[in-house]
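Shown next, in structure tokens, is the structure this report addresses.
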Amino acid sequence: MKESNSIFLNGLNEAQSYAVDHFHGPLLVIAGAGSGKTRALTHRIAHLITEYKVDPSSILAVTFTNKAAREMKDRLELLLAKRLSNISHGKPWSTLQVAEQRQIRNRIYREISRELWIGTFHALFARLLRFDIDKFKDPEGLTWTRQFSIYDETDAQSLIKEIVTQDLQLDPKRFEPKKVRWAISNAKNQCLLPDDLVKNEEGQRGRLVAETYRLYRKALAANNALDFDDLLLIPVQLLQQNERIRSYWHNRFKHILVDEYQDTNWTQYELIKLLVTNGKEPSSFENWNNRSVFVVGDADQSIYSFRAADFRILMGFQKDFGKENQDNKNESTLVKLEENYRSTSTILDAANSLISNNKERIDKILRATRGEGEPIKLTRCDDEIAEAEAVIHRLRILDASNPELNWGDMAILYRTNAQSRAIEDSLVRWSIPYIVVGGLRFYDRREIKDLLAYLRLLINPSDSISLLRVLNVPKRGIGKTTVQRLSDAASQLKIPLWEVVSDPEAVRSLAGRSAKGLLIFSELINELQSHLLSSSPAELVQLVLEKSGYLSELIATGTDEAEERRRNLQELVNAALQYQEESEDANLEGFLSTAALSSDADNKDTASNRVTLMTLHSSKGLEFPVVCLVGMEQGLFPSYRSLDDPSSLEEERRLCYVGLTRAKEKLFLFHATERRMWGGMREPSIASIFLSEIPEELVQGDIPLSGGTTLRREKNLDRLTRIDRQENKRSILNEAENGVRRKYSGPSPGKKWSVNDKVEHSSFGEGKITHVFGSGEKISLAIKFAGMGTKILDPRLAPLKLIDE
DNA sequence: GTTCACGTAATTTTT
DNA sequence: TTACGTGAAC
């Protein structure tokens, strides 16, 4: 069946090759950071199609982000195009004319990539539901149609708030909608229904959460809407209850690949199981002919347990799927990719050492394939402003002294989004181009959400959340009291709000003087609906913009802000056009799904040469030659919520591991001794425990930098600093040398604390100093206490005594 | 019905 | 420090 010497096995190491060539049955690939995981995935798909003659439409590949999906598609297309170029033109891809290349790409698209299902769990199963949700039979009789809306977090929360205040008549201050929403989301991600929650939950509060969950589900159905979690949970229920549909998808998807398997939750796991075994117990599932499930992950990079991900699913993979099969066929179900092609050995040693402090993990190491590189540099700063300046200082030195490095090669990573602000200020001051990933999503801008709400309402008039959003936008003189009266009527009659709004009789009798606006509105919607079948998504966006009066209102306002909004809306038309180009059967439902499920990180264009700012979470799967990791402080990273919970602390440590392993060449760590949390309050902070878990010999320490006070004075000298920037690069380099020299010229006055000293703490007992951070006034110590682990303490405050030997 | 001003709460991480 | 929700004035 298989031709030997597949070109897709060339250039792979033994483990990668084994993974790519695996055909029948389950396989778990433990893939450390930078071990060529995406390479294995794309080569495998190409190999399955070309060597094992697998039909592309029977392949399902699940990624964690849309961006990863796109990258996988692109790389796969290129692999296949190169092969086809050799076969059909007899020459390498790079020597082909542009027209020939395009011709090949088109052919690959038509015959292969169009057929593949590659995407996130949410996107793929939303697609499945667009086929089959009308066949779903809910035990409580709830129904949805294929035109369902997808609610984002805000929509979901307002629905829950309505239930809490209106239906349950509870005080939203005591029974917070946000927390309830979180509890419900958690339940859904563990495959639990309201009834399961009733059984599990003890006490008043738990029962209220379960009741809210039940009502929320009912409300979603009434709006013909699903939240993100439903996109996974409803398919599970549907596949469990409907044997015909289950068999169809089971027979269709013969080869399933899951990336970032450590971050799957139990609902996603259930989906995989249903598709792979057609609902049978996985351990007794035998029929692996021409069928595989191939999961790739790294338990050390599991960072989404707050979203109900559970890396024990990864740890249990071998036990779950076909243990007997393994014995019968003498086939191993595990392969480890441990050779790292990304980072210097210094960076890897640091990461390996850090992660070895975790107890719960699969044993695995990263073997370096590259040179030692430079030491990691650690900088202590006075506060977050000084920290930002120190980071920028670093980047400027690099820019000046390494011609091959571009701004686009550098990334600044942080624990929380709020930390970006101080850094952005500094970047602006030094006129360094940058991009913040993961801030406000394009699709979350007010004007965009307004327009999308119109579109959602057009295809799904039951969607009252969308209706309420646009009913009086732009202003039509429809106020709160009118809306309340109409809503009351709708809920008494148990019909969607739209049916009241669109009934002229009802409007006249209920609305009084806002009747006119309401009539205009329902006429508008009716007219727009008449274009639904004949117009493309982009045309519909344009139509809504014009006919609703949204555009003319913005033009009339004439402010800069209105102009910005107008531009964004134009961008939405472009987004719709792009969607139409990219998808075969473009329709409005599809466009709205794409909009709902896209994230800011997906839109990051790697082409532009800018410094990247993002959270550690969004950095997963990426790599940069230069990485700056800021805010390495107890309470910030690790987050204060994890400080007294060992398993959350382990998750924070994994997050740190992810951060460190993003760096290819140069890694810089920063922490501040004082940080403005919110408002004007400054809070002292001590170095992160993670810093003490990186071997000291890999780190070149502390360059003292001028503090916040000096910088604030400098703000007035903005012009001067700009001039400074124009100066030749040597001055910047001198500055750097000075910085380093300062470190060595000033021996620490707090000399009495040094590494390996034995100390006694009044409550922790005897310990040994493993790290000294800073010096003089700003000193803190990492001390390893017997049986207590390592603590970071400020010796000026902590009851510590030096023990002489 | 609309607008504006004031008070209060918030900071983990995201499909 | 900002962003949001509430309430009272227009």
Side-chain angles (χ1 to χ4, degrees), chain A residues 62-69 119-126 150-154 156-158 161 165 172-173 176-178 182 185 188-189 226-233 260 263-265 267-268 302-309 384 413-422 425 437-441 443-444 446 472-484 511-514 516-517 593-602 614-620 631 635-643 648 651-652 654-656 658-659 675-683:
Chain A
V62 191
T63 60
F64 196 71
T65 62
N66 295 301
K67 183 165 171 281
T120 62
F121 271 105
H122 293 86
L124 293 170
F125 286 93
I150 300 174
Y151 278 179
D152 66 16
E153 218 34 56
T154 323
Q157 256 178 54
S158 57
K161 193 180 172 189
T165 54
K173 291 227 168 77
E176 291 169 67
K178 210 172 164 182
W182 191 82
S185 178
K188 286 184 168 182
N189 282 320
L226 301 177
D227 65 19
F228 284 171
D229 310 320
D230 288 329
L231 296 176
L232 309 175
L233 184 53
E260 308 283 10
D263 281 320
T264 50
N265 63 42
T267 309
Q268 292 165 332
S302 167
I303 54 175
Y304 280 95
S305 72
F306 69 94
R307 222 171 82 187
E384 78 281 356
L413 309 181
Y414 37 78
R415 179 65 179 83
T416 66
N417 278 306
Q419 286 169 262
S420 74
R421 185 176 289 166
D425 285 348
V437 176
L440 183 66
R441 273 185 353 139
Y443 291 105
D444 279 340
R446 193 172 78 191
N472 199 31
V473 179
K475 299 211 165 23
R476 301 185 177 90
I478 305 163
K480 245 189 288 184
T481 39
T482 308
V483 169
Q484 189 60 52
R513 71 183 160 171
S514 3
K516 204 174 137 204
S593 292
T594 310
L597 297 173
S598 84
S599 76
D600 184 64
D602 302 331
M614 62 181 144
T615 62
L616 287 152
H617 280 89
S618 353
S619 77
K620 188 165 86 162
L636 183 61
F637 187 35
S639 125
Y640 71 98
R641 297 167 104 114
S642 67
L643 289 180
S648 326
E651 174 138 325
E652 296 283 311
R654 291 192 292 271
L655 189 56
C656 186
V658 167
R675 189 169 290 269
R676 207 190 304 257
M677 292 315 273
W678 32 261
M681 291 292 269
R682 291 172 154 276
E683 288 185 13

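All chains are named by letter (A, B, ...) in the order of the sequence lines, taking the proteins before the strands, and each is independently numbered beginning at 1.
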Please report the distance, rounded to the nearest Å, between [atom1] in [X] and [atom2] in [N].
X: A:L226; N: B:dT15; atom1: CG; atom2: C1'; value: 14 Å
X: A:K480; N: B:dT2; atom1: NZ; atom2: C1'; value: 10 Å
X: A:E384; N: B:dT11; atom1: CD; atom2: P; value: 18 Å
X: A:R307; N: B:dT13; atom1: CZ; atom2: P; value: 13 Å
X: A:H122; N: B:dT14; atom1: NE2; atom2: C1'; value: 9 Å

Closest to the [X] side chain, choosing from [options]:
X: A:R421; options: C:dT2, B:dT14, B:dA10; value: C:dT2
X: A:T65; options: B:dT14, B:dT11, B:dT15; value: B:dT15
X: A:F306; options: B:dT13, B:dT15, B:dT11; value: B:dT13
X: A:T482; options: B:dT13, B:dG1, B:dT11; value: B:dG1
X: A:E176; options: B:dG1, B:dA10, B:dT11; value: B:dA10
X: A:N472; options: B:dT14, B:dT2, B:dG1; value: B:dT2
X: A:S514; options: B:dG1, B:dT14, B:dT11; value: B:dG1
X: A:K475; options: B:dT3, B:dT15, B:dA10; value: B:dT3

Pick base, sugar-phosphate or nothing for [X], based on heavy-atom distances below 4.0 Å to the nucleic acid.
X: A:K178; value: sugar-phosphate
X: A:N417; value: sugar-phosphate
X: A:S642; value: nothing
X: A:Y640; value: sugar-phosphate
X: A:Y304; value: sugar-phosphate
X: A:I478; value: sugar-phosphate

Check whether [X] reaches the backbone of [Y] with its side chain - one donor and one acceptor, N or O, closer than 3.5 Å.
X: A:E652; Y: A:S639; result: yes
X: A:T267; Y: A:D229; result: no
X: A:Q157; Y: A:T154; result: no

Any side-chain N or O of A:S618 below 4.0 angstrom from OP1/OP2 of B:dT13?
no
Is the phosphate of B:dT15, meaning OP1 or OP2, less than 4.0 Å from a side-chain N or O of A:S598?
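Result: no.
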Parallel, tilted or perpendicular, judged at 30° and 60°: which one describes the rings of A:Y304 and A:F64?
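Taking A:F64 first and then A:Y304, their aromatic rings sit tilted (interplane angle of 30° to 60°).
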For A:H617 and A:I303, run side chain to side chain contact (heavy atoms under 4.5 Å, CB included): C-alpha distance rounded to whole Å, both residues' side-chain angles, the deciding distance at 0.1 Å, then the answer.
CA-CA 7 Å; A:H617 280 89; A:I303 54 175; 3.8 Å; yes
Between CG of A:L233 and OG of A:S185, what distance do you get to the nearest 0.5 Å?
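Going from CG on A:L233 over to OG on A:S185, the span is 10.5 Å.
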In whole angstrom, give me the gap between the P atoms of B:dT13 and C:dC4.
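Looking at atom P only, B:dT13 and C:dC4 are 15 Å apart.
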Start at the 5' end of DNA chain B and walk down; is the nucleotide closest to A:F228 or to A:G477 reached first?
A:G477
